[in-house]
Amino acid sequence: MALLVMKFGGTSVADMECIRNAARHVKREIDAGNQCAVVVSAMAGHTNQLLEWAREASPLHDAREYDTVVASGEQVTSGLMAIVLQSMGISARSWQGWQIPLLTDGVHGAARIVDVASSELTKRFAEGEVAVISGFQGIAPTNRIATLGRGGSDTSAVAVAAALNADRCDIYTDVDGVYTTDPRIVPKARRLSRISYEEMLEMASLGAKVLQTRSVELAMVRKVRLMVRSSFEPPERYAPAGGDLQNEPGPGTLVCDEDEILEQQIVSGIAYAKDEAKVTLLKVADKPGVAASVFGPLAEADINVDMIVQNVSEDGRYTDMTFTVQDTELEKTLKVIEGAKEKIGYSDLRGSTDVVKISVIGVGMRSHAGVAAKMFKALAEKGINIEAITTSEIKISILIEAAYTELAVRTLHTLYELDAE
Ligand code: ADP
Ligand code: ASP
Ligand code: MG
């Protein structure tokens, strides 16, 4: 018998038909004698609608009330899922974050999980009851509902799996696994049967929204075995969890330790993020202390800077400086830099959201040279200009004009031999 956490995302619970279908996946496991905790998202699009209403109520709303509003979508689906499971003859009960309780910190809208109480859930498992848990939400120290940030149900599922010491956490979504890149923009993307935590972490944080970044972080730290699957596959396509949890039949991707992957590619995947904004300061003095005068005030304003490029100065006196921030922070960033204009000293300030960050990721880069050189050459041949570059041990990210997103991703996908046959 295995203990499983099964998470169903927004498209997997988008309407009653989808919820019924998701419930059949749960039934498959229950019928095989497994114990299940189910974590659900809100119906697809519902959270966006709730968020829109909060914004309409007032653009500058209280974060605690925002959480009260946006957490409600999951309450609906957890109740519906419990009812559907009961109608199939399965003992099931819904759980909101505060009932478990799933404790978070006080950062409303982007709260972090502090603790998940498991005793009551464990007791009910012993009685054969399925726990249907609302994802995305918990309870803050002030006793108010807190949400975990967009896509946060993935993190709820992993946290519950860690707390229950589950054998596996299955993330059911609308694709049947993690692909070499977003299959919606590259039809030739290939499903990876396994991906390491580290690569998945980079993929997620660099734009692949198939898993929320924090969920991967948590899975890596707590050693939770994560499986990404499609809820749209017929339930019988997957064998119920049994003796061999490593090699489950049926399409999916296992997120696991690097040493569990036999054939490691140099590049495993490509991600893109359109939520970057570029800021350029023209003609800043090329002297010590200038970078500090730019980035100091940004840090004080809590603005995260991602990529930074300082051009070589032609005359030794002036240079241009470019950096990127989250697009939602662009206006705030420009205000801060304008406010510090006298101290910094620049001739002109420009901001643009018309950029995309493309990243190639692979643990094989640690031991292989030339991945970047190959990338720059291929993009140059397509006439794509690179505006900024950052690297780490296992990834290279570049900033380009947004209009070239698809061309660049497809070019690199072919270049690193990731295309499906
Ligand atoms: P859910 O509502 O189930 O949480 P999401 O929309 O958050 O689903 O995530 C699934 C989506 O992630 C897919 O529809 C796909 O377009 C996108 N995606 C982006 N990059 C990848 C990738 N590398 N592999 C698989 N899916 C990806
Ligand atoms: N419903 C929430 C969102 O849309 C959480 C999730 O789907 O994971 O962001
Ligand atoms: Mg998601």
Side-chain angles (χ1 to χ4, degrees), residues 6-14 18 21-22 25 39-52 54 66-67 69-78 97 109-111 133-138 145-160 169-193 195 199-216 226-232 251-253 255 267-274 358-362 405 409 412-413 418 420:
M6 306 173 77
K7 180 255 171 177
F8 295 94
T11 43
S12 304
V13 293
C18 291
N21 184 59
H25 284 277
V39 174
V40 287
S41 291
M43 292 179 176
H46 198 173
T47 308
N48 287 346
Q49 172 67 78
L50 295 168
L51 196 146
E52 213 33 64
Y66 163 92
D67 275 350
V69 175
V70 299
S72 65
E74 274 74 7
Q75 177 161 344
V76 174
T77 46
S78 63
I133 298 167
S134 284
F136 186 47
Q137 53 164 272
I145 297 169
T147 63
L148 309 178
R150 296 309 304 271
S153 301
D154 295 330
T155 306
S156 308
V158 174
V160 168
C169 179
D170 292 345
I171 305 285
Y172 287 85
T173 180
D174 57 358
V175 278
D176 61 6
V178 178
Y179 278 68
T180 46
T181 192
D182 189 347
R184 302 211 186 281
I185 76 157
V186 180
K188 282 187 195 157
R190 196 156 39 81
R191 181 167 53 79
L192 299 161
S193 58
I195 185 168
E199 287 168 317
M200 192 62 238
L201 192 57
E202 292 281 9
M203 290 272 277
S205 69
L206 294 168
K209 69 164 187 167
V210 59
L211 290 173
Q212 198 202 32
T213 307
R214 278 189 192 168
S215 72
V216 186
L226 258 188
M227 180 79 102
V228 179
R229 292 176 158 189
S230 167
S231 72
F232 295 93
T253 300
V255 187
V267 169
S268 299
I270 299 170
Y272 64 94
K274 291 189 168 168
I358 312 254
S359 308
V360 303
I361 297 132
T405 309
V409 174
L412 296 174
H413 200 265
L418 297 174

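Counting convention: from 1, in listed order, for ligands and their atoms alike. The structure displayed is predicted, hence computed values, not measured ones. Heads up: numbering here begins at 1 and tracks the sequence.
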(message) Checking Phe136 against Thr155 for the side-chain contact (heavy atoms from CB on, under 4.5 Å) test, could you report, in this order, the C-alpha distance in whole Å, the side-chain angles of both residues, the deciding distance, and whether it holds?
(response) CA-CA 8 Å; Phe136 186 47; Thr155 306; over 6 Å; no
(request) Could you give me the CA-CA distance, side-chain angles and deciding distance for Arg229 and Tyr172, then say whether side chain to side chain donor-acceptor pair (under 3.5 Å) is met? (result) CA-CA 5 Å; Arg229 292 176 158 189; Tyr172 287 85; 3.0 Å; yes
(request) Please step through side-chain contact (heavy atoms from CB on, under 4.5 Å) for the pair Val13 and Cys18, ending with a clear verdict. (result) CA-CA 5 Å; Val13 293; Cys18 291; 5.6 Å; no
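A salt bridge links Arg184 with Asp174: the closest approach of a Lys/Arg side-chain nitrogen to an acidic carboxylate oxygen falls below 4.0 angstrom.
Applying the 4.0 Å criterion to heavy atoms of Lys209 picks out, from ligand 1, the atoms 6 (O), 7 (O), 9 (O), 12 (O), 19 (C). Close contacts of ligand 1 with Val178, meaning ligand atoms under 4.0 Å from a residue heavy atom, involve 24 (N). Counting atoms of ligand 1 from 1 in the listed order, those under 4.0 Å from a heavy atom of Ala208 are 20 (N). Here is the list of ligand 1 atoms found below 4.0 Å of a heavy atom in Tyr179: 22 (C), 23 (N), 24 (N), 25 (C). Atoms of ligand 1 lying under 4.0 Å from at least one heavy atom of Lys7, given by number and element, are 4 (O). Taking a cut-off of under 4.0 Å to the non-hydrogen atoms of Met203, the atoms of ligand 1 that pass are 23 (N).
Around atom 13 (C) of ligand 1, the closest heavy atom drawn from Asp174, Val210, Asp182 belongs to Asp174.
Taking the side-chain contact (heavy atoms from CB on, under 4.5 Å) definition, one finds that Arg190 meets it with Thr180, Leu418, Ala420, sequence neighbours left out. Residues meeting the salt bridge (charged side-chain N to carboxylate O under 4.0 Å, His left out) test with Lys274, sequence neighbours left out: none. Residues satisfying the side-chain contact (heavy atoms from CB on, under 4.5 Å) test with Lys188, not counting sequence neighbours, are Val186, Asp419.
Judged purely by atom type and a 3.5 angstrom limit, Asp170 has no side-chain atom pairing as donor or acceptor with the backbone of Met6.
Residue contacts with ligand 1 for Pro183 involve side-chain atoms from C-beta outward but no N, CA, C or O (heavy atoms, distance under 4.0 Å). Contacts between Thr181 and ligand 1, counted as non-hydrogen atom pairs separated by less than 4.0 Å, involve the backbone only.
Residues Ser268 and Glu199 have side chains that bring a donor and an acceptor to within less than 3.5 angstrom of each other.
Judged by the shortest distance from any of its heavy atoms, Ala189 lies outside the 4.0 Å radius around the atoms of ligand 1.
The nearest protein atom to atom 2 (O) of ligand 1, hydrogens excluded, is given as Gly10 N, 3.1 Å; this is a heavy-atom distance. From the protein, the heavy atom lying nearest to atom 25 (C) of ligand 1 is Gly177 O, 3.4 Å. Among protein heavy atoms, the minimum distance from atom 1 (P) of ligand 1 is reached at Thr173 OG1, 3.5 Å.
Remark: of the listed residues Val178, Asp176, Val210, Leu226, Val178 is the sole one forming a side chain to side chain contact (heavy atoms under 4.5 Å, CB included) with Thr253.
Looking at Phe8 and Val39, their side chains never come closer than 4.5 Å, going by heavy atoms from C-beta outward. Side-chain contact check for Leu51 versus Arg150: some heavy-atom pair is nearer than 4.5 Å.
Under 4.0 Å from any atom of ligand 2, one finds heavy atoms of residues Ser41, Ala42, Thr47, Glu74, Phe136, Arg150, Gly151, Gly152, Ser153.
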